[in-house]
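Note that these values count all heavy atoms, side chains included, but never hydrogens, waters or copies made by symmetry.
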Amino acid sequence: MFKVVVNFLLLFVCLGLVACRVKDPNEDKPQQQKQDVIDARESLLTGHASVSLTVVNDDLTPLSNIPLTIAEQQYTTDNSGQVFIDKLGYGNHAITIQQNGYFTKVGILVNHPNSTTTQIKLHAKPATSKSLVFGGDSMFGRRYLDPSLATMGTTIPNVSDALIRPATAAADSIAITKDVAPLFKYADFASVNLESPITSNPAVVHPTKEFSFFSLPDSLQGLTEIGIDYVGLGNNHIYDYLQTGLEDTLLEISNTGLLYSGAGLDEFAAFSPITAQLDTFNLVLFAATSITGKEHEFTYVTDAMKGGAADLTNAEYVQETLEKIHPSNFVIAQMHGGDEYTYSPSRFIASRLDDLSTQNTDLLIAHHPHVAQGFAVYNNVPAILGLGNLVFDQARLDTLLGVTVMVELDSQTQTVQRAFAYPIFIEDYKPRFTTGFLSHYLLRRLAEFSDDNITLIPRDNYAEVYFKKAHATKRNHKVSVEVNSQTPILDLREYAPSSAAYLSAIEVTNGTLNELTFGRDLMVFGDFEDWDNDSEAFEISRWDHSSNSVLPCTENPHNGIQALCSTRDEFDNTPSIIPFRHTMRVMELTDENFQPMLSKQFSLFGYIQSENGGKLESLLTYTTEVDDLAFSQHQVLISEGGDRAWQSFSHDFTLPSDEFTLGQKKQPPRGVKLQFRHYAPNKGEAMTRFDDIAMISWQKSVALQNSQWNTDKMHGYDFLKVSVNDTASLTLTFTSLD
């Protein structure tokens, strides 16, 4: 009787609200398709394989008796330079090699059924070489202490699920930086930009600043424990807690033994560089900011009446300070400024880089945009244009990839020989090393936005950077492609020999093209692969798959080792909701004259496969750049469902004009949010797989000359839009550097 009543009530609700089905309560058989997916992934997570790898030098000669740390276990290479590991679990495993005569090697051993690391190259470190490591913007406040905060006040948060708790701040902070520790720990000198006051008494916060934060004194151990020697304080947050906060900061930093420059209790102290002795010569470090806060009563920079950061806009004082330094020293100038969330230096920062390169400096480093910006040479002085973040609490998609750079310095000639650029993925505010596509995605972009004096050679999880042009050999790979009006988007990822290669030439061998446009994926995390070096294997962290009906699936991906699956059955009355966690924003690009170039033309692109799949839609929400204020929502039919082999889909759209604005700040439409909706099938169980999803921003038109186009410049474009009336034949040339 009870079962009958329940069924009757459910039927009544369905008829009163929406058409829906009621599952027979006597039928409790689990969805077989879903269970198969769960079993396959569990088999992968618990699987293992025996691994053999060889450690070689620059000449590819095997190196014997080399100690390695792999997955926190110690190994040593044999007489053949090999290490054999029996039954190593599937996943990504951190590698560290510290050996005299070679630069510290930090890497990732990828171990899964489709890929294993077989060779690790060590780069020789001459006796006269020193390694200087530079990390990006760092702090341990705000969302580390309370995930709900946008800014901080005058109390110390104590939140149960926070990454840092006041009582355990030291241990918590050490845990945050542990996955990137070896690169800093074994360097001859290590530096970060400390973008936070350090205090346990946040009594007086800046009264008019929109975003203020502080870090607890014990959190400095997150830096000292990984071997940081120096922190730059010349930035726009060091005065967030005014003079008393600055006093606390300088005292706490001094108590740890860290060196610093860039801020002080008076103008002279703020502008004074600091000297670090490195064997037979000195490093002299200067830091300053161009973000002065002069629109406020309390500025961020020092003056004759108060402390603060050194003022980079005080060009005369900066030049006087730098030119007083004895020329026998190696002078490193770190500057904090420019426009946030941009991919190349602003006009002002570019001019300051140029000016400082003539003022007794040997290495220039820029901070502030929270986005890595590439490399350059100014008047023979190497420049790191932007490191992005290292330890920071931003959830913006474009800030999740930073870069840490190890510079090789010849101590005799005091010249930079080269650099090693390590991409950093800040996953839920914790920095990780990366490998594979995620690493190459950033490295190719860094090469694109570097000047023509730079040669950047992508490796598995880092790049060699030379501050001279054409310092690499090229390997070309050609592919013939047929296009027609039904194939408007070429996915270059499908044709490139590796994710480190870039499209260097196009030749139209038959037919005529109307238009070609390069596109860049802004989503980055649509391949559902795990590329970082933490201990969690095969994670998918940038998509919300908390629903029971959405899960990672490792059998039958389109590419790689993993896809994302959605399951439904005929009794489900609501769709699976599959949101991408981040807003994808229009890239802030500029031309050679520093004029903005904003492309609002997009394509949602990807691959789906289904077995009795239900209808699939995407929901696109057009938003402001910040605050996610919504202009409009658009439902897009992706598939009617059914049985489908892997096939691509695409949907073109254009964000509204900047004439339309929302909110008090009158923000224009500059962002898009995405979710997929997978509905129930008419009968039985449904399974739909997603893979290699991209949000393509169409950014650069390609001009053909005599049916050809070519470039020597590496770039980060992975898509090509082709306009053709009938059919055409193309030859694509991809170039890899070595």
Do [X] and [Y] get their side chains close enough for a donor-acceptor pair, meaning under 3.5 Å?
| X | Y | value |
| --- | --- | --- |
| E408 | S129 | yes |
| H367 | Q334 | yes |
| N559 | E494 | yes |
| T735 | S504 | yes |
| S439 | W531 | no |
| T455 | H471 | no |
| T654 | Q601 | no |

- Distance from F420 atom CZ to I457 atom CD1, nearest 0.5 Å?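 Between atom CZ of F420 and atom CD1 of I457 there are 10.0 Å.
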
- Task: Would you give the length of the straight line joining atom CG of L60 to atom CD of Q119, rounded to the nearest 0.5 angstrom?
- Result: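 The CD atom of Q119 is 5.5 Å from CG of L60, to the nearest 0.5 Å.
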
- Message: Strictly by ring-ring contact (aromatic ring centres under 6.0 Å, His included), give each pair with a member in residues 498-519 just once, sequence neighbours left out.
- Response: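 Checked against ring-ring contact (aromatic ring centres under 6.0 Å, His included) - neighbours excluded - the pairs reaching residues 498-519 are Y502-H715, F518-W709, F518-H715, F518-Y717.
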
- Nearest non-hydrogen partners of F437 and V524, listed with the distance: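 So the two residues come closest at CE2-O, 3.7 Å.
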
- Task: Give the ring-plane orientation class for F653 versus F602, where under 30° counts as parallel, over 60° as perpendicular and anything between as tilted.
- Result: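 Parallel: the ring planes of F653 and F602 meet at under 30°.
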
- Task: Quick one: sort the Y462 and H123 rings into parallel, tilted or perpendicular, breaks at 30° and 60°.
- Result: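 Y462 vs H123 ring planes: perpendicular.
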
- May I ask you to check if R396 and Y341 form a cation-pi contact, with NZ or CZ under 6.0 angstrom from the six-membered ring centre and within 45° of the axis?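 The answer is yes, since R396 meets both limits relative to Y341.
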
- Message: I'd like to know whether R432 forms a salt bridge (charged side-chain N to carboxylate O under 4.0 Å, His left out) with D534, so could you lay out the CA-CA distance, the side-chain angles of the two residues, the decisive distance to 0.1 Å, and finally the verdict.
- Response: CA-CA 7 Å; R432 319 285 199 210; D534 64 14; 3.5 Å; yes

- Single hit among N380, V381, T415, I454 for side-chain contact (heavy atoms from CB on, under 4.5 Å) with F467: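 Among N380, V381, T415, I454, the one that satisfies the side-chain contact (heavy atoms from CB on, under 4.5 Å) with F467 is I454.
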
Is [X] atom [atom1] crowded by more than 12 heavy atoms from other residues, nucleotides or ligands, each under 6.0 Å away?
| X | atom1 | answer |
| --- | --- | --- |
| Q595 | CD | yes |
| N379 | CG | yes |
| N706 | CG | no |

- Determine yes or no for a side-chain-to-main-chain donor-acceptor pair under 3.5 angstrom, with N92 supplying the side chain and L109 the backbone.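 No; judged by distance alone, with no hydrogens or angles, the pair does not exist.
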
- For E515 and K721, run salt bridge (charged side-chain N to carboxylate O under 4.0 Å, His left out): C-alpha distance rounded to whole Å, both residues' side-chain angles, the deciding distance at 0.1 Å, then the answer. CA-CA 8 Å; E515 188 177 0; K721 179 178 280 189; over 6 Å; no

- Please determine which of W646, F649, F690 meets the ring pair (Phe, Tyr, Trp, His ring centres under 6.0 Å) test together with H558.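 By the ring pair (Phe, Tyr, Trp, His ring centres under 6.0 Å) criterion, H558 pairs with just one of W646, F649, F690: W646.
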
- Task: Sequence neighbours left out, what pairs pass salt bridge (charged side-chain N to carboxylate O under 4.0 Å, His left out) with at least one residue falling in residues 689-713?
- Result: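 Only D452-K713, K474-D712, E555-R689, E611-R689 qualify under salt bridge (charged side-chain N to carboxylate O under 4.0 Å, His left out).
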
